[in-house]
Number of protein chains: 2
Amino acid sequence: MPSAAVEDYVKAIYAMERDSPAGEASVAGIASVLGITKGSVAGMLSKLKKSRLIEGERYSGVRLTETGKKLALDVLRRHRLIEVFLVETLNLKWSEVHEEAERLEHAMSAKVLDRLDAFLGHPQVDPHGDPIPDANGHVPSLDGVPLSMLNETDQGVIVRITNQGSKFLEFVERHSLRPEARFTVVEIQPEAQLISLQVGRKPKLSLSLEAASKILAKRIKQPKRTQRRHT
Amino acid sequence: MPSAAVEDYVKAIYAMERDSPAGEASVAGIASVLGITKGSVAGMLSKLKKSRLIEGERYSGVRLTETGKKLALDVLRRHRLIEVFLVETLNLKWSEVHEEAERLEHAMSAKVLDRLDAFLGHPQVDPHGDPIPDANGHVPSLDGVPLSMLNETDQGVIVRITNQGSKFLEFVERHSLRPEARFTVVEIQPEAQLISLQVGRKPKLSLSLEAASKILAKRIKQPKRTQRRHT
DNA sequence: CAAAAGAGTTTGACAAGCCAAACTTGATTG
DNA sequence: CAATCAAGTTTGGCTTGTCAAACTCTTTTG
């Protein structure tokens, strides 16, 4: 069985691959997200290579092998199901479950996880809208565009928050920007890099396009109109 | 925060103190229940002494300090609440939850545990009938006498199984001897060290007095009659 | 294109825990 | 009471995972 440390590395690599342009993870990047030194990462990576979880040339980025990817998806499945449980069943705050799940995910057997999955009704996404891989490692694909790509007067539904930072999540939660929430884009100020939304009956909410790019939404069908914008 | 290893030691010491005549735990005993060598235990015990979780003279048994006892009760609380959850909510088999809880208990924060406790309705006992300490370390006391102390024709209700061995638990479960189960003592054969029970409508069940001493029961009020017997 | 900067690697050290094996105590017991 | 033996302790060694710091590539850039 892989250790908790190995699982954390693999999970981090998976995430970095996903959103790095080259589809690779770097030593420095891993060190930074895991909060450890480059030296430690180098040591661990050479072990992961030996056990065929990752591959890559010396002095260059690493990629997960098929085995590594399977493991990463397994860890992600555990993590996200646990988050659903903590929020739906135990009513923990949406923004505080990440670190809890971070520890529990390493202690839960496949059997318990499957029962939990059934108990929760086989959810497709976690509380942040992240898709939950199924037991075979298949990830349901959700579509959604960054808020920062929308235009004035567009209406939409939040589908996903791609930023686990708890301060960011608290902000988002405080303004009811959870998945499922409906909103309208009321104003965009490209010079100020700002976007303003109307969410429910709450006061108008403004945030930077940078922050908005971490929130994915689905446009609600709305006759004719063009779109396009860049962060 | 105490490591998982420290928690396991403290928990083991607590259990050994409870049912050793001298109220102490021995190095050899701890080594045996944790499945490690005496040398390793000696090393850890000296660390536990330094951190004031246990006390005791050199070359003699150890006892938990107040701090140590508090920690032990905390771990026990986690363990048992998790067992209740696994059985009641996730429908795991009664006999397979122990090892699961053994791992999960080290990964669950106080906050999650409190929510879980509330979700489960503040149970007093776990699926084996073991009392669950409350958040302040108070253990509800349950009375119950070993089955081996009962007499023929006595009727009772199982309250607790004091033996976590999964083969024993499977046996017990297979014969419906769970806590809450009603039974009648139909026969006792002191020479054969055997006791026979009638549980529900099941066929008569015989077991050794030794095994019976690991099952605690409460007698059901039944007019006049004396009792007494020894394992 | 040479030098600085970044990124990756290596080395030596450390903390937890564990083991095996030698050694010391203390408790029988013949 | 001396011999024995179980129980406790010590020592040296191993693994995992970490750090700090020196070193070496590779890339960027003046």
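Being a predicted model, the structure only gives us computed values, none of them experimental. We name chains A, B, ... by the order of the sequence lines, and we start the count at 1 in each one.
- For A/Thr37, the side-chain atoms get nearest to D/dA20 when compared with the rest of D/dA20, C/dG8, D/dG8.
- Between B/Lys49 atom NZ and D/dT9 atom C1' there is a gap of 10 Å when expressed in whole angstrom units.
- Across the interface with DNA chain D, nearest-nucleotide mapping of A/Ala4 and A/Tyr59 shows A/Ala4 to be the residue nearer the 5′ end.
- Using a 30° and 60° split on the angle between ring planes, A/Phe85 and B/Phe119 fall in the perpendicular class, above 60°.
- B/Arg58 has no side-chain polar atom (N or O) that falls below the 4.0 Å cut-off from OP1 or OP2 of D/dA7.
- OP1 or OP2 of D/dT18 lies within a sub-4.0 Å distance of a side-chain N or O belonging to A/Tyr9.
- A donor atom on one side chain and an acceptor atom on the other are found under 3.5 Å apart for B/His106 and B/Asp8.
- Look at CG on A/Leu34: it is 8 Å from P on D/dT18, rounded to the nearest Å.
- Contact check, A/Ser3 against D/dT16: no side-chain N or O comes under 4.0 Å of OP1 or OP2.
- Side-chain contact annotation: B/Thr65 with B/Glu55, donor-acceptor N/O pair under 3.5 Å absent.
- In this entry the distance linking CE of A/Met44 with P of D/dC19 reads 11 Å, nearest Å.
- Annotation: of the two residues near DNA chain D, B/Ala42 and A/Val6, the 5′-most nearest-nucleotide partner is B/Ala42.
- Between A/Lys47 and D/dG17 there is a side-chain N or O to OP1 or OP2 distance below 4.0 Å.
- Distance CG/A/Leu92 to CD/A/Glu83: 10.5 Å, rounded to 0.5 Å.
- Listed pair B/Ser26 / D/dA7 fails the phosphate criterion, with no side-chain N or O lying under 4.0 Å from OP1 or OP2.
- Rounded to whole Å, atom P of D/dT18 lies 12 Å from atom CD1 of A/Ile30.
- Not one side-chain nitrogen or oxygen of A/Ser60 sits closer than 4.0 Å to the OP1 or OP2 atom of C/dA7.
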